[in-house]
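Atoms considered below: every heavy atom in the structure, side chains included; atoms not considered: hydrogens, waters and symmetry mates. To find a chain, count down the sequence lines: A is the first, B the second, and so on, and within it residues start at 1.
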There are 2 protein chains.
Amino acid sequence: MNNNRFAVAVHILSLLELMKDTRLTSEYIAGSVNTNAVVIRRIMGMLSKAGLVLTSPGVAGASLSRPTDQITLLDIYRAVQSGGQEELFAIHDKPNPDCSVGRNIQSSLENVFSQAQLALENKLSALTLDQVTTDLASKM
Amino acid sequence: MNNNRFAVAVHILSLLELMKDTRLTSEYIAGSVNTNAVVIRRIMGMLSKAGLVLTSPGVAGASLSRPTDQITLLDIYRAVQSGGQEELFAIHDKPNPDCSVGRNIQSSLENVFSQAQLALENKLSALTLDQVTTDLASKM
DNA sequence: ATTCATGTGACGATTATAGTTACAACGGTT
DNA sequence: AACCGTTGTAACTATAATCGTCACATGAAT
């Protein structure tokens, strides 16, 4: 994960929560994030498809689909993953099957990598959008 | 992290351990990984710079610098990170300082992101190369 | 000296991402 | 019904990271 979508997504959702009485346009959000409005709409589309926000075509003002303490960072993280990118760590394919290590390395790697990924995901699902917005609100 | 270097690095180190009585060339290792020898030498260079393996220019046969149970996956993970890439999750820079959310989002994100990263790193440092090589050995 | 291996620089191909332009479709307003 | 602002999305460009590859200088050993 070294794109900015995760961070921008949290930014968007925080704005929606903290300015829920205002109907924010993608243009306005783009101004806060400091990027192009289409970038916002693209990410908003992912959040919408994941069921985290509610939008209607043509009308400004998205809203969260549920309370901030029921939206975990794992929800957001997964929402902005492109194309079934389930795995945190890539494993090289086609190691040499004629080598005893090459033949078995993939399953051994998958074993440890999935443990690490699970630790990350457990933490991400224990962190909610509420923690971010509460933190932000305390600074305003 | 979606390059293969982490996986290949573990593969290399596993080979060095399980065939420690043989002097492996980068060409041989490349055959097991199924890639080019230069790719192996590049990654071996990172592992060497990180102090995980001992090599000598011009002579085949690298070796581990310490026992497998003292080489954690975090050691390896960090060794193959390119250019001071410390952070797991990127944060967009230059959010709008005139917006109360834009002004504070970075520190709020850093707060939660670093908690998640720490959870991952704790797990990675609890997993050692020994676990991988033991697992591999049991399949041979 | 010859030979083989490592370490590195350089280059091309591939891929992911971010930003941008353009535009169709939609809704609310008048 | 016509208009206008907005969303959703396709298309294109620029940029950056990565991998494979060639080339070659350097080191070590026979």
Side-chain angles (χ1 to χ4, degrees), chain A residues 1-9 11-12 15-16 22-50 53-63 79-96, chain B residues 1-9 11-12 16 22-50 53-63 79-95:
Chain A
M1 262 296 261
N2 252 19
N3 56 56
N4 285 339
R5 289 196 302 261
F6 189 21
V8 172
H11 188 149
I12 293 172
L15 274 173
L16 293 182
T22 314
R23 307 190 77 73
L24 302 177
T25 65
S26 59
E27 203 67 54
Y28 178 90
I29 298 174
S32 174
V33 172
N34 189 30
T35 184
N36 190 287
V38 174
V39 173
I40 300 301
R41 293 203 286 267
R42 270 205 288 252
I43 294 175
M44 193 81 83
M46 298 187 201
L47 297 173
S48 170
K49 183 173 290 187
V53 301
L54 304 172
T55 66
S56 19
V59 48
S63 60
V80 298
Q81 293 293 88
S82 51
Q85 176 61 73
E86 283 271 308
E87 310 303 332
L88 178 60
F89 301 119
I91 296 181
H92 55 300
D93 52 19
K94 310 205 197 316
N96 192 337
Chain B
M1 262 295 263
N2 252 18
N3 57 56
N4 284 339
R5 288 197 301 263
F6 189 22
V8 172
H11 189 148
I12 293 172
L16 292 181
T22 314
R23 307 190 76 73
L24 303 177
T25 65
S26 59
E27 203 67 53
Y28 178 91
I29 299 173
S32 173
V33 172
N34 189 28
T35 184
N36 189 286
V38 174
V39 173
I40 301 300
R41 293 203 286 268
R42 271 204 288 250
I43 294 175
M44 192 82 83
M46 299 186 200
L47 297 173
S48 170
K49 183 173 290 187
V53 301
L54 303 172
T55 66
S56 19
V59 47
S63 59
V80 299
Q81 293 293 88
S82 52
Q85 175 63 72
E86 284 271 308
E87 310 303 332
L88 178 61
F89 301 118
I91 298 181
H92 56 302
D93 51 19
K94 310 206 196 314

Does anyone know the first and last nucleotide of DNA chain D in reach of chain B, 5' to 3', at under 4.0 angstrom to a heavy atom? D/dT18 to D/dA28

In this structure, CG of A/Asn3 is separated from CZ of B/Phe89 (nearest 0.5 Å) by 10.5 Å

Does C/dC26 have its OP1 or OP2 closer than 4.0 Å to a side-chain nitrogen or oxygen of A/Ser56? no

Under the side-chain contact (heavy atoms from CB on, under 4.5 Å) test, residues paired with A/Thr22 that sit two or more places apart: A/Met19, A/Leu24

Footprint string (nucleotides 14-24 of chain C, 5' to 3'): B base within contact, S backbone only, - free, heavy atoms under 4.0 Å: ---SBBBBB--

Evaluate A/Asp93 against A/Ile91 for side chain to side chain contact (heavy atoms under 4.5 Å, CB included), listing each step before the verdict. CA-CA 6 Å; A/Asp93 52 19; A/Ile91 296 181; over 6 Å; no

Sequence neighbours excluded, the answer for side-chain contact (heavy atoms from CB on, under 4.5 Å) partners of B/Ala60 is B/Thr25

Can you check the B/Ile29 CD1 to C/dT6 P distance for me, whole Å? 8 Å

Between protein and nucleic acid, restricted to nucleotides 28-30 of chain C and to nitrogen or oxygen atoms under 3.5 Å apart, what atom pairs and distances do you find?
none

One should read off an interatomic distance between B/Leu54 CG and B/Leu47 CG, to the nearest 0.5 angstrom, of 11.5 Å

So A/Ser82 and A/Arg5, do their side chains get closer than 4.5 Å, heavy atoms only? yes

Could you list the donor-acceptor pairs under 3.5 angstrom formed between side-chain atoms of residues 28-44 of chain B and any protein atom two or more places apart in sequence or on another chain?
{"unit_1": "B/Ser32", "atom_1": "OG", "unit_2": "B/His11", "atom_2": "NE2", "d": "2.8"}
{"unit_1": "B/Asn34", "atom_1": "ND2", "unit_2": "A/Lys94", "atom_2": "O", "d": "2.8"}
{"unit_1": "B/Asn36", "atom_1": "OD1", "unit_2": "B/Val38", "atom_2": "N", "d": "2.8"}
{"unit_1": "B/Arg41", "atom_1": "NH1", "unit_2": "B/Ser26", "atom_2": "OG", "d": "3.0"}

Taking only side-chain nitrogens and oxygens of B/Thr25, does any of them come within less than 4.0 Å of OP1 or OP2 of C/dA5? no

